[in-house]
Amino acid sequence: MSVEALHDGHSHGESSDAHESFAHHYVNRAQQDEAYIVGMWTFLVTEIMFFGALFAAYVIYRVQMPEIFDEVSRDHLDVKLGFYNTLILLTSSLFMALGVRAAQLKSKKGQLFWIGLTLLCAFGFLGIKYKEYSHKIELNLVPGAHFVYEGAHAGNAHNPSEAELLAASKPSYGPDRVKATTGIAVKRRPGDDVKKAEKAQIFLGLYFIMTGLHGIHVIIGIFLLGILWFMIKYNHPLAKDFMPIEMSGLYWHFVDIVWIFLYPLMYLIKPSLELLLHQ
Amino acid sequence: MSAIPVRPEELAGTKRENYINWSHTVKDWLLTVDHKRIAVLYLVSISIFFAMGGVAAMFIRLELLTPKGDLFRSDVYNRIFSAHGIMMIFLFLVPSIPATLGNFLIPLMIGAKDLAFPRLNLLSWYLYMIGGMFVLAATVFGGVDTGWTFYTPYSSVYSNSQVALTILGVFIAGFSSIATGINFIVTIHKMRAPGLTWFRLPLFVWAHYATSLIIVLGTPVVAITLALVAVERVTGIGIFNPNLGGDPVLFQHLFWFYSHPAVYIMILPGMGITSEIIACFSRKRIFGYPFIAFSSLAIALFGFFVWGHHMFTTGQSMYSGMVFSIISFLVAVPSAIKVFNWTSTMYKGTVSLKSPMIYALGFIGLFTVGGLTGLFLSTLAMDVHLQDTYFVVAHFHYVMVGGSLLAFLGGIHFWWPKITGKMYHEGVAVGAAILTFIGFNLTFFPQFIVGYIGMPRRYHWYPDEYQFWHVMSSAGASVLALGLVMPAVYLILSLKYGADAGPNPWRAVGLEWTTSSPPPPHNFDEIPVVTWEAYEYDADYTDQVADESTRQEISGTVPHPVSDHMGTYGNPPGE
Ligand code: HEM
Ligand SMILES: [Cu+2]
């Protein structure tokens, strides 16, 4: 929603209200509202740059190693779960927008209802993410000391011993300082393509970092909206103001938009519509 | 209204309430949301980090006196220059002018009672302190040896020092700068006094607006990049490690995408200060106001497209190198425009060489040298020879110390009477300014030469034939140090012994001078209404008269030279 629309709907219309209040360093309520909105948008710009750096890294590695990205994404990311999450987040954005509308209509019930639904969606999203993450943790797909990439060997009955893994993990090139200084090295199965496991680790690393950062934003959103919900419920004076819900709304839409980029980039690397339909 | 309205309590010799004396508890300082108090908190903490970075610099210069690395082991030396760079850049130069003078002056200059988000402002100071503490802790627990640039994979895999802790500190401090940037942008957009259009804004405000844009667009990128380095260190995922299929050059791209614009975060506010000082002490309207204003924005914009000039020799393709080289030449144009405009402002002006003016003149000269040598470095073939030598070290010290630091000191001297209400000893201040200028050149000019003939940066063993230049540089550093310690002494002494400054000791125009010194807690008794243009200086108003009337004004008898159109103490004309 544009700033103008907001003002038509709110400050100007409300300026006759007697209870209208604003912090002492502003000249009037309209100035305070505008400051909040400009501030929020500026903050969202910083968020875009924050994620932007990660997207840039993603694009560069995807161009450098397209097959690995394709393979790992197909084999290890669950298109369906990702799709459910996309649906959930999109719906939650709608609920959020309706919540903001309810605030404009000054309907306390409406706000509580729609924010409640938004919160429910947020928890649903996190639940599915939890399922996805724990599955990957079981498969040792989290980058770090326990990372094992099975690649083409997936489903192979032979489970390599620790010693075998370590022996296979000695890089055949470059100094072995990685292990020496950090105690960490990628573990490979005997005969595995050396580079492949490491490249897979980069993809999965980006996957965890980007979806993880997004997940943190969802959790922050839950706190924001949760606090807001209680403030509205118990008629906190701040919640009489339209700004908190408007700003939380902007934030929530942003979180949604980030996911809209993450889903196709991570889960739908090859045109995978058929994957989705036939799975 | 031409006579100055003298407040009864001033005639009686009692002080009116101001932002300093309205309360004296520690709690009221640490939990203040007043931008002026937060600026003072910043000033104190930034000075402490500057002093620590300075001590590290002294150790570096001491070590470099002799060709043998006989004072420190190599790994200790690495930790010392890294601590120096990290503290000076992330904890001193980046926040220096914006968080202190910017914080203090922007609301005053635009006729507002505070920044748009006072609590965010306080949060920013706490984030800065927490970040600073992490960096300090890292230094105490073994230090960091990567240099301020944290190049991978050394930082992310091999270094056996406190990289993660330091990065955490820089990361947190980054958010303090983002908070400041957002606050300034909103404040400048939304809190200007009635009648204060964009083109009536002081150029100081324009410069901070451009700086804030860079902060908001750049800082998040370096934050996430450094976070990736930390993640890579902890988990061993190889995003920046070529052994694991990653790309170390990607780190450099992301790092310089912030860190080149960051050099403009450091210099633009200094340019803003210089515009104010030059206009005031030439008693002339600044030449080419719109050009200076827009060149700030141009610098902010172009600054984002030249980062590759740091990577000419480090694995970037030749063709991107050529493009980055050309754009780097272009970015020098708006900087040059400013230098031309300042010089033209002084031309036929009534120049008085007060201490702030000497700092500003020093700024112009040294920044010009630094900027021009930047062009040498942007020349692709030339840089192959000069990359990672002392030539680069000299270049960036000319712009950062000769530029930003001198501007900062100039600004502190210019607005000290406003901030504290006291005058310092002008003669000593002029001496310190000149000493700083001399010491600075003695320290860093030899570095151009020794770099050009081959001395690499970040080494402490070197061939005997370079010693002459290093000794000269170290000698200069001690003069420079004296020049920098002096202000610390006489400024602090002025708090106790200084004469009262009165609201406007320099007869400067600008809203900040229309309120009393130190300003009252809410800046203005009444929000001013602005009906005049910026920098309306009175040409034939000579220095001597200024001094004369300052003295008389305090006793309240002489007309305020600028009060005809500005009012005094923030009362709009006609009130
Ligand atoms: C006038 C425009 C400028 C140009 C064309 C320019 C150009 C360059 C180039 C090409 C380099 C890379 C040298 C190398 O590593 O081989 C460089 C390094 C550097 N410049 Fe500038 N520069 C300019 C202004 C500034 C300003 C205003 C500052 C700071 C206030 C600054 C700070 C630095 C720093 C800190 C480095 C070294 C970074 C490092 O490797 O540690 N420069 N400059
Ligand atoms: Cu640069």
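Below, read A as the first sequence line, B as the second, and so on, with proteins coming before strands; counting in each chain starts at 1.
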Quiz prompt | Residue among A:F50, A:F43, A:Y36 with most heavy-atom pairs under 4.5 Å to chain B | solution = A:F50
Quiz item: Non-hydrogen atoms of chain A under 4.5 Å away: do they reach the side chain of B:L115, the backbone, both or neither?
Solution: backbone
Quiz item: Should A:H214 and A:V218 count as side-chain neighbours, where that means a heavy-atom distance under 4.5 Å?
Solution: yes
Practice problem: Measure up the A:Y263 and A:W259 rings against each other and bin them: parallel (under 30°), tilted (30 to 60°), perpendicular (over 60°). | Solution: parallel
Quiz prompt | Part of B:I239 lying under 4.5 Å from any heavy atom of chain A | solution = both
Practice problem: Below 4.5 Å from any heavy atom of chain A, which atoms of B:H253 appear? Answer side chain, backbone, both or neither. | Solution: neither
Quiz item: Any idea how B:F255 and B:F251 line up, ring-wise: parallel (<30°), tilted (30 to 60°), or perpendicular (>60°)?
Solution: parallel
Quiz item: Is the B:Y19 ring parallel, tilted or perpendicular to the B:F104 ring (thresholds 30°, 60°)?
Solution: perpendicular
Quiz item: With only heavy atoms counted, which part of B:I185 is less than 4.5 Å from chain A, the side chain, the backbone, both or neither?
Solution: side chain
Practice problem: Decide if the gap between the ring center of A:Y207 and the ring center of A:H76 is smaller than 6.0 angstrom. | Solution: no
Practice problem: Check whether B:V216 gets within reach of chain A through its side chain, its backbone, both or neither, counting any heavy atom under 4.5 Å. | Solution: both
Practice problem: Answer with side chain, backbone, both or neither: which region of B:D247 has an atom nearer than 4.5 Å to a non-hydrogen atom of chain A? | Solution: both
Quiz item: Which one, A:A35, A:G205, A:G39, leads in non-hydrogen pairs under 4.5 Å with chain B?
Solution: A:A35
Quiz item: Can you name the nearest heavy-atom pair linking B:E512 to B:T515, along with the distance?
Solution: O-CG2, 3.4 Å
Quiz prompt | Option that, when pairs with chain B are counted at under 4.5 Å, heavy atom only, ranks first among A:I202, A:L54, A:I60, A:L213 | solution = A:I202
Quiz prompt | Among the listed options B:P220, B:A223, B:P107, the residue most often paired with chain A at heavy-atom distances under 4.5 Å | solution = B:P220
Quiz item: Looking at B:L254, B:L217, B:L120, which has the largest count of heavy-atom pairs under 4.5 Å with chain A?
Solution: B:L217
Exercise. For the residue pair A:E47 and A:V258, establish whether any side-chain heavy-atom pair is separated by less than 4.5 Å.
Key: no
Quiz item: At a heavy-atom separation under 4.5 Å, does B:A112 approach chain A through its side chain, its backbone, both, or neither?
Solution: neither
Practice problem: Return the set of residues passing salt bridge (Lys or Arg N to Asp or Glu O under 4.0 Å) with B:D34 (not counting sequence neighbours), or none when no residue passes. | Solution: B:K36
Exercise. Over 60° means perpendicular and under 30° means parallel, so classify the ring planes of B:W256 and B:Y151, tilted if in between.
Key: perpendicular
Quiz item: Which answer fits B:F184, side chain, backbone, both or neither, if we ask what part of it has an atom under 4.5 Å from a heavy atom of chain A?
Solution: neither
Exercise. Select one option (side chain, backbone, both, neither) describing which atoms of B:L250 are under 4.5 Å from chain A's heavy atoms.
Key: side chain
